[in-house]
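For reference, the structure discussed in these notes is given below.
Each chain gets a letter, A, B and so on, in the order the sequences are listed, and its residues count up from 1.
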Number of protein chains: 4
Amino acid sequence: MTRVTAAAPAPGCQVPKPRADAVRNRERILAAAREMLVEHGAHVPFDEIARRAGVGNATLYRHFPDRVTLVHQVVLYVMDRVTALAEDALAEEPDAFAALCRFAHAAADERIGALCPMLSDDFDHEDPELLAASAALNEVSERLMATGQQAGVLRADVAVGDLMIALSQLSRPLPGTACLDAAPFVHRHLQLFLDGLRAPARSELPGAPVTFDDLKQKTM
Amino acid sequence: MTRVTAAAPAPGCQVPKPRADAVRNRERILAAAREMLVEHGAHVPFDEIARRAGVGNATLYRHFPDRVTLVHQVVLYVMDRVTALAEDALAEEPDAFAALCRFAHAAADERIGALCPMLSDDFDHEDPELLAASAALNEVSERLMATGQQAGVLRADVAVGDLMIALSQLSRPLPGTACLDAAPFVHRHLQLFLDGLRAPARSELPGAPVTFDDLKQKTM
Amino acid sequence: MTRVTAAAPAPGCQVPKPRADAVRNRERILAAAREMLVEHGAHVPFDEIARRAGVGNATLYRHFPDRVTLVHQVVLYVMDRVTALAEDALAEEPDAFAALCRFAHAAADERIGALCPMLSDDFDHEDPELLAASAALNEVSERLMATGQQAGVLRADVAVGDLMIALSQLSRPLPGTACLDAAPFVHRHLQLFLDGLRAPARSELPGAPVTFDDLKQKTM
Amino acid sequence: MTRVTAAAPAPGCQVPKPRADAVRNRERILAAAREMLVEHGAHVPFDEIARRAGVGNATLYRHFPDRVTLVHQVVLYVMDRVTALAEDALAEEPDAFAALCRFAHAAADERIGALCPMLSDDFDHEDPELLAASAALNEVSERLMATGQQAGVLRADVAVGDLMIALSQLSRPLPGTACLDAAPFVHRHLQLFLDGLRAPARSELPGAPVTFDDLKQKTM
DNA sequence: TATGAATGAGATTTCATTCAT
DNA sequence: CATGAATGAAATCTCATTCAT
């Protein structure tokens, strides 16, 4: 299993020193931002995120010069963790459909909805770090679905993009509800959706299977 | 079929004069607000709504003294139209599951996601107009589901609340996508969800069936 | 004499209504901004300008969305007044060199230094209003200098740009001094410069005569 | 010729160690600060000066505890160099007016405008180092002017303060122009001003000759 | 000593709401 | 009634200065 974002510096490199407290602050800000963004939407005041992270607001600006950058880093952060969940499900769950379900529910709990900003028009899909992380998630989730389709337990007319979109939509916080845990039906409706994915297909789907790359198209 | 929100004044009442342009302005504001709220979330500046509606901002305030009121009226506006869609589906579609599907897809197109603010903590569920509209929608949609369950084409462990929530979530515009039409996979994923609703049930669902009334609970 | 910026609306035009108080506020802001910008440089807090003008800060933003716009309008405002001074000097002062001196000292008192931002790299020289005002000032000041040169009282190797630049430089507030009136030597040094302009030329000048258009070149 | 600011420690003193890199850093900061202050005014962020000097911001603070101190040292730095230029002109240029011109143009190139902060209300004129450097510059520049006036080539109604002020004003970078070299007309207008200084006087000057000491008066 | 990081105070800008025409 | 203008409060962002490594 490869963690993408935690790129280790080459041994003997000249980068001065990462300074422990700065790293810890960065982590704390990312974690706080993920919660705030998922729970309260993209409009949370920066000061609130800073307070939740326990740092001054200017510290937040030092690490993430603007909102776009912060969101971008949160996406990377969550994507990395979700990728790990998919790898775990594949490795530990022998039944193909069970693996898919395990992944889906775990990803919802891991706030996969935080990946939604990727779909935004102004999201930078060319960023190298994102491309790498994205490819990793794409690879493992395609493996997850292919396994199910080859085993004949997953309908053939769906692709990873379908899963990712619906997963994100269904696990997004309902407006006005304070946090994800306060929406106990997420797992219910997710399970209904997963039942719809199970083979044999029960109806014809409009449109074509959505791949991961489709999500990067500006023109959806 | 009863339209709830267009309450006609009692005959012989003394309400001065409805003034044609005021009525037209109210309609334009409601339509504009529905689009803006669904597309850009609850944070759209009032001035933007006013501009989209083609009226001055103060006119908007004259019709809707505050954001809460405006949102409330938009909910009523959409709820009324969605109710009509359910009635039409029931009346014109002989097959029970086909009726459900027709309703779901039509409601998505009608921006049923604009009902989400109902789930917000600060939404006033005691308002008489809302109670009436709500009861009407509840009645017809329960009839829609009951028909399907009695016909054995709809799994028995789901209720209207499940449908409404998931429908809203799946049809909400993805962040950054300007309008619903720009998200062509909404109907794909909605259909997958509908396939999950079809009997026989393929897996056990966590939690209990969600009724319409469950959605009014402040503590979700 | 033609005032350029105070463009009168065509009779019978459809522009709604200028609203007296808004016009008065705009005037007050422009006057206040001219003083603050000339006295304290381009970094004066917007709130200070608003306070000096006696309006709320947001009112300032309504009239001038950003600092660039405000500065631009101040330039137009001052340019118009300086143009009028040149016209007056030409019309009322029979002696050519006396007219030039009268104009120079009056322009210094009128804060011609406020035109300095025109020389900045990010100043928009393409704006139609500015082009018109600029042409008017150019025309009258060239007439002013040509008169002197034809009368043989003004050295021939200088052009309007030379006058404008030096005039602006010499009348700019010295850093740290509160206001122009507190720099009583402005008129002394201006007169020394004017003496240097008088014919016959006492030394050869480096470079070429600077025209008005030269000042618009980004590459100075 | 006495260099004032490079005060050598008394022989036998106990100052620990000058540390070569600290001295070099101090030089680099002073040079960078002179450029930034002259080019972008007194408002340049400290961090920018530090970046331009190639040191960390805290290093800047170690050498110069606050902005006032930094500006003060820059003034001393430039004053010392300008004094040297005046001495050179006097020593090497036999013609009195030529010496004045040579000095003026050289001082402009040496950024004499960096002395302007001396005129600021909050500048400390009592500092011993400054008093010494100031006296030295005053002495040599008075000698420069007296020579010219005794030779009858420089008008009698001007004093060193007039020269210093006008020189500073005319050589200050125009707003938006990045560096002095980008303003090719500085020497043109300076020469015009010098022509105005030449005897015989062509007009009467308002005000009285400005001495060096006049510039120290808080109330100008 | 040199430095990057942290921070609060203040500057800039936006927006919901009220006011005057 | 309809509207553009005005406004304070809050959000975003910058920067001089201090701190910790």
Side-chain angles (χ1 to χ4, degrees), chain A residues 15-26 29 43-50 53-67, chain B residues 16-23 25-26 43-51 54-68 70, chain C residues 15-26 29 43-50 53-67, chain D residues 16-17 19-22 25-26 43-51 54-68 70:
Chain A
V15 180
K17 33 177 179 174
R19 231 177 102 159
D21 63 342
V23 173
R24 200 186 54 242
N25 272 343
R26 193 190 144 87
I29 292 170
H43 286 272
V44 276
F46 256 40
D47 284 17
E48 294 296 321
I49 297 176
V55 301
N57 63 351
T59 299
L60 199 159
Y61 277 95
R62 161 172 283 270
H63 286 278
F64 309 99
D66 53 31
R67 193 172 229 106
Chain B
K17 35 175 180 175
R19 242 183 86 161
D21 63 342
V23 173
N25 273 345
R26 190 190 145 90
H43 287 271
V44 279
F46 255 42
D47 283 20
E48 294 296 320
I49 298 175
R51 171 169 18 252
V55 302
N57 61 352
T59 303
L60 198 160
Y61 273 93
R62 166 163 299 275
H63 286 280
F64 308 98
D66 53 30
R67 189 172 228 106
V68 168
L70 175 61
Chain C
V15 180
K17 32 175 181 174
R19 232 178 102 161
D21 63 343
V23 173
R24 200 185 55 242
N25 273 342
R26 192 191 144 88
I29 291 171
H43 287 271
V44 279
F46 256 41
D47 283 19
E48 295 296 321
I49 297 176
V55 302
N57 61 352
T59 300
L60 199 160
Y61 276 94
R62 160 172 284 269
H63 286 278
F64 309 99
D66 53 31
R67 194 173 227 106
Chain D
K17 34 175 180 176
R19 242 181 88 160
D21 63 341
N25 271 346
R26 192 190 144 88
H43 286 272
V44 279
F46 256 42
D47 284 19
E48 294 296 322
I49 298 176
R51 171 170 16 253
V55 302
N57 61 352
T59 302
L60 199 158
Y61 273 93
R62 166 163 298 275
H63 286 281
F64 308 98
D66 53 30
R67 188 174 229 107
V68 168
L70 175 61

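Where A/V55 and B/H43 meet DNA chain E, the nucleotide closest to each residue was compared, and A/V55 sits on the side nearer the 5' end. Heavy-atom nearest nucleotides on DNA chain F were determined for B/D47 and for A/A58, and the one closer to the 5' end corresponds to B/D47. Heavy-atom nearest nucleotides on DNA chain F were determined for C/N57 and for D/D66, and the one closer to the 5' end corresponds to C/N57. Closest-nucleotide positions on DNA chain E for D/G54 and A/G56 were compared, and the one nearer the 5' end corresponds to D/G54.
Axis angle, first five pairs versus last five pairs of the helix from E/dA2-F/dT21 to E/dT21-F/dA2: 0°, rounded to 10°.
Within the 4.0 Å cut-off from OP1 or OP2 of F/dA2, at least one side-chain nitrogen or oxygen of B/N25 is found. In this model, the phosphate group of F/dA2 is approached by a side-chain N or O of B/H63 to a distance below 4.0 Å at OP1 or OP2. Distances shown here put a side-chain N or O of C/T59 below 4.0 Å from the OP1 or OP2 atom of F/dT7. Between D/R62 and E/dT1, a side-chain N or O to OP1/OP2 separation shorter than 4.0 Å is present.
We find that CZ of C/R24 is positioned 11 Å from C1' of E/dA20, with the value rounded to whole Å. If you measure from atom CD of D/E48 to atom P of F/dC15, you get 8 Å, rounded to the nearest angstrom. Whole-Å rounding puts the A/D21 CG to F/dA20 C1' distance at 7 Å. Across the protein-nucleic acid pair, B/R26 atom CZ and F/dC1 atom C1' stand 16 Å apart, rounded to whole Å. Here the C1' atom of nucleotide F/dA2 and the CZ atom of B/F64 are 15 Å apart, to the nearest Å. Atom CG in B/L70 sits about 16 Å away from atom P in E/dC15, given to the nearest Å.
Taking CG of D/D47 as the start and CD1 of D/I49 as the end, the distance is 9.5 Å to the nearest 0.5 Å. How far OG1 of B/T59 is from CZ of B/R62: 8.0 Å, rounded to the nearest 0.5 Å. In this structure, CZ on D/R26 lies 8.0 Å from NE2 on D/H63, to the nearest 0.5 angstrom. Between the CG atom of D/L60 and the CG atom of D/N25 there is a distance of 9.5 Å, given to the nearest 0.5 Å.
A tilted orientation is assigned to the rings of C/Y61 and C/F46, their planes being inclined by 30° to 60°.
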- [ ] Please report the C-alpha distance between B/V44 and B/R67 in whole Å, then the side-chain angles of each, then the deciding distance to 0.1 Å, and finally whether the side-chain contact (heavy atoms from CB on, under 4.5 Å) criterion is met.
- [x] CA-CA 10 Å; B/V44 279; B/R67 189 172 228 106; 4.3 Å; yes
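The side chain of A/F46 sits closest to F/dT12 out of E/dA16, F/dA2, F/dT12. Listed nucleotides: E/dA5, F/dA6, E/dT18. Nearest to the side chain of B/Y61: E/dT18. Closest to the side chain of A/R67, out of E/dT12, F/dG4, F/dT12, is F/dT12.
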